Amino acid sequence: MSWKDQTRDSGKGFYTLRTEDTGDVPVRLFLTPALLDAVEESIYPQIVNATRFPGVKLVAITPDVHHGYGVPIGTVLLTDADTGAVAMGPVGFDIGCGMVSASSDVPANAATPESRLRFNREVTRRIALGPGRVSRTKLKDLSRVDFEDIIRGGAAFYAERYDSPVDRGNTERDVIPVSDDWQPPWGGPGRPERGVPQLGTLGGGNHFIELQENVGNGNLYVQMHSGSRGFGHGLATNYFQLARAQNPAIKALDLGYFTPDSPHYAGYLNAVAAGANFAIVNRLAMFEQLALAFEEVFHKPLRLVYEISHNLVQREQHPEFGWVHVHRKGATRAFPAGHGALAGTQWAEHGHPILIPGSNRDASFILRALPGASASGYSVNHGAGRRMSRGAARKAFTQADVNAAYRDAGIVVNTDGVVPIDESKDVYKSSREVVEAVTRAGLATVEHELRPLASIKGSG
DNA sequence: ATGTGC
């Protein structure tokens, strides 16, 4: 018997799950019947893990869910903000990982095969890709002092001090405060200092840059996915070690957590803030380079639509659960019109944009939240979700077939047309089906659909 | 995700 047999249809577009293992913690799965049927059995013990952190109020599972470390990728975890835990697996190693979307007035027919390739060349000339690479932007060769100012001051500080054309109002968080008495654990486990020269670089894995056509208005858009590089990874590694040292019951590092009485509780929250500020500034610095590359090829400006994370814990007020730590691991914040946290911002009236990438041969979407998003802790998915492991993908498909499929679709990949197999379309779920699960549950509506024209991947 | 690994 599968745990799936113990799910119940709430009648509101999501399933609930209550078993001996999950106890009294509400667990909501935002899946269609087909997605529930297809989801890996192995996410069940990871959902149970999520229910076991101290002070849990809600576990919500997004429709792109797949097996992660400790908890599934696609977990929203709400814990009591005053007495509950702050958990590390439900933030992840790549603290602050997230998206940028940018728009233009250039009709998509300007993106000829030649200009798509030129765009990819201009981008890769300006932005370093792949693991271990160092910055080529104005943030290269930063002193440690300047770096610390940036990770404390976030987007607001960066926009002002570095004379950036970006509007910090187009970011999810223009600064996440870091205490003056907290220092990054330089030289400690994880060695976060290796991230200092990486500010302004894309990274590898599923990080990408994509030239797109907005299906609705026919204009060119650009989307980017990147995170906190070696800095965030180093911070996460450091605090995982501290959590384990303190609590021997934490066997796996990815199940680490801190309660308010822990000596490292505030330290970890500061580390998350610093890592997220890095990731946000990283995306803004790269956006500026994207805009330069875009203007070089298409002779018109590229405007920042929005910047938003999908690996983060933030303190928020929820109508059902009060003040909570909302952990989003592979999940995107979804505040609708009128949400208190948007008061006084340009997003107060309609909610902020929600950036949902598909694979690089499938549609991406920009959504807006609906009041019903409270059911999922004001969160939706962060992408299409992986359908098979990287290893399985390399066994299932040949390089020549994958390259040909992209060539036939007219999608220019990197500067050599070689598609990383483990990042290719059939490795991911259908983004349309996943987004349908979101709209069916009344969490959000689709505002824009975007289709890929050119794709840049850090590695495969 | 990551100095792609103990």
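Residue numbers begin at 1 in each chain, while the letters A, B, ... track the order of the sequences. Model, not experiment: these values are computed from the prediction.
Using a 4.0 Å heavy-atom distance criterion, A/Gln198 is classed as a sugar-phosphate-only contact. Among the atoms of the strands shown, none is found under 4.0 Å from any heavy atom of A/Gly227. Using a 4.0 Å heavy-atom cutoff across all strands shown, A/Gly234 reaches no nucleic acid atom at all. Across all strands, A/Gly92 comes closer than 4.0 Å to no nucleic acid atom at all (heavy-atom distances).
Spacing between atom CZ of A/Phe93 and atom C1' of B/dG5 amounts to 14 Å, rounded to whole angstrom units. A/Met99 has its CE atom 12 Å from the P atom of B/dA1, to the nearest Å. A/Arg394 places its CZ atom 10 Å from the C1' atom of B/dT4, with the value rounded to the nearest Å. Rounded to whole Å, atom C1' of B/dG3 lies 6 Å from atom CZ of A/Arg194. In this structure, A/Tyr69 places its OH atom 10 Å from P of B/dT2, rounding to the nearest Å. Note: CZ (A/Phe278) to P (B/dT2) measures 10 Å, nearest angstrom. For the pair A/Arg386 CZ and B/dA1 C1', the computed distance is 12 Å after rounding to whole Å. Whole-Å rounding puts the A/His233 NE2 to B/dG5 C1' distance at 12 Å.
Residues A/Tyr158 and A/Asn277 bring no donor and acceptor atom of their side chains to less than 3.5 Å of each other.
At B/dA1, one or more side-chain N or O atoms of A/Asn206 fall inside 4.0 Å of OP1 or OP2 (strictly under the cut-off). One finds no side-chain N or O of A/Arg133 lying less than 4.0 angstrom from the OP1 or OP2 phosphate oxygen of B/dT2. Between A/Arg229 and B/dA1 there is no side-chain N or O to OP1 or OP2 distance below 4.0 Å.
With A/Asp64 as reference, A/Val434 is the one residue of A/Val434, A/Val435, A/Val438 to meet the side-chain contact (heavy atoms from CB on, under 4.5 Å) rule. Test A/Leu31, A/Val71, A/Ile73 against A/Val65 for side-chain contact (heavy atoms from CB on, under 4.5 Å) and you get one pass: A/Leu31.
Sequence neighbours left out, the pairs with a member in residues 266-276 of chain A that pass side-chain hydrogen bond (donor to acceptor under 3.5 Å, both in side chains) are A/Ser179-A/Asn270.
In the displayed structure, A/Gln317 atom CD is contacted under 6.0 Å by more than 12 heavy atoms of other residues, nucleotides or ligands.
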